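A quick write-up on the structure given underneath.
Being a predicted model, the structure only gives us computed values, none of them experimental. Protein chains get the first letters and strands the later ones, always in sequence-line order, with residue 1 at the start of each.
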Protein chains: 2
Amino acid sequence: MLQVLQAEFADVTISKIRFLEAEGLVTPARTASGYRKFSAADVERLRYVLTAQRDQYLPLKVIKEHLAAMDRGLRPTPGGKPAAPANVPETSGLPIGEDFGVLGTDLKLTRAELRDAAGITDELLDQLESHGLVVARGNHYDGDAILVAKAAAAFAQYGVEPRHLRPFRTAADREAGLIEQVAGPRRTEKTEDLAALAVRLHAALVRSRLPR
Amino acid sequence: MLQVLQAEFADVTISKIRFLEAEGLVTPARTASGYRKFSAADVERLRYVLTAQRDQYLPLKVIKEHLAAMDRGLRPTPGGKPAAPANVPETSGLPIGEDFGVLGTDLKLTRAELRDAAGITDELLDQLESHGLVVARGNHYDGDAILVAKAAAAFAQYGVEPRHLRPFRTAADREAGLIEQVAGPRRTEKTEDLAALAVRLHAALVRSRLPR
DNA sequence: GCGGACCTCAACCCTCGGTCGAGGGTTGAG
DNA sequence: CTCAACCCTCGACCGAGGGTTGAGGTCCGC
């Protein structure tokens, strides 16, 4: 019953799993007689733990926090400190390599919450909306809106105003269209993969076109 | 003489530095009488070590590899495994969250090296060049070309061909233009900051436009 | 009713990332 | 010249993290 897991990602031993359970990282269900019973979700969780440990060298304590954050609907930054819960003081300036934290998209924020979470003014938010960079769904905004707003705020510090950012919106729309065409209209794993790819391609292209 | 360092980032002790030196992470010069003498570069290095340790939980062994890679003109991935030296076997598929590794731009690759590093065919590379997604400088390609090519290859697996990716190029050109306009024609810290911002903005926008 | 896979719980172990202290040199102020 | 305050090396030690091992017992399929 455990050989299955072992096959899937070599290097997990029974004792390791027991250890991880003792640490509260997984909590598989039990059969009446006390045997562990791993659901698909448990396996997924385990996979996350093992890869985070191997590829990002995160200590279990931190991985545990990430998992907890994910359970609360946030998603952890893909490396490093756990996701900030929306209204962190935000170390000012732009320490290279700091990322803004990636929040789940199934977050619902009021306009005021968005404004505070992103640390921007109402005025800037107005402009962002009028240029279509941030859009409300109903009268709520999602986690991505925070990220957009933060990026725009940082641009603003360099004197780049929302209207200069319109082309970003256009490009993003087109790419989202392409992705939807390829991955289908429902948001699936494939959609996410393609989106990740698009972002990577884009990043590399921009870099390659900067002055030497 | 060491109080200076201690003041700069509390939590570094003399013994810690000695330890780090013993591990080969820093190698300060010595005075005639054997005292350590820290150059600005040593301090910078130290700063890198301490922040990587604190913010990314990297083990010293890995930090050491990063430093070595940086000394060789590569730049480490901003979290996780050290930069891949061009021709890694590359685990196939797209394990979520795996990043492609970011190589320095001052890398010079022949066409064949690029092809192999990205794991693509000559044909695909031809197409990428003809659509302007990858361009040679002189007759060499840089590290970003690898990233572009890898992303394109991954897209290809989803049936997305280079010609579908042209809009990415257009968008990237425009953004690079904006950045250059704001940051000036020489590549500086500011250029990098803005590029990072552009990529983040873009990523958030694409996500926000995907189907729910 | 026996062999193999599973359970628990406590003890043990190794590696990492340092700290401590003994024993000794350097420097600079008085 | 001396004394205090640093600095040096080198080996012993240490605490936390991340498991492993083993003893003693339960559960299941044949």
Given that both pair distances must be under 3.5 Å and the pair must be Watson-Crick or G-U, what runs of three or more consecutive pairs involve DNA chain C?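 The stems that DNA chain C takes part in, listed by first number, are C:1-30 with D:1-30.
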
Using modelled atom types and a 3.5 Å cut-off, is there a donor and acceptor pairing between side-chain atoms of [X] and backbone atoms of [Y]?
X	Y	value
B:Arg45	B:Leu25	yes
B:Asp71	B:Ala68	no
A:Thr191	A:Arg186	yes
B:Lys150	B:Ile120	no
B:Lys37	B:Pro28	no

Protein heavy-atom contacts under 4.0 Å, written 5' to 3' over nucleotides 9-26 of chain D as B (base), S (sugar-phosphate only) or - (none), form the string B-------SBBBB-----

B:Lys64 atom NZ is separated from C:dC16 atom C1', nearest whole Å, by 14 Å

Here the distance between atom C1' of C:dC16 and atom OH of B:Tyr57, to the nearest Å, is 17 Å

The residue among B:Ile63, B:Val12, B:Asp55 that forms side chain to side chain contact (heavy atoms under 4.5 Å, CB included) with B:Leu50 is B:Val12

Residue set satisfying side chain to side chain contact (heavy atoms under 4.5 Å, CB included) with B:Ala152, at least two apart, ordered chain then number -> B:Leu128, B:Leu165

Charged N to carboxylate O under 4.0 angstrom, A:Glu23 versus A:Arg18?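 Salt bridge flag = no for A:Arg18 with A:Glu23.
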
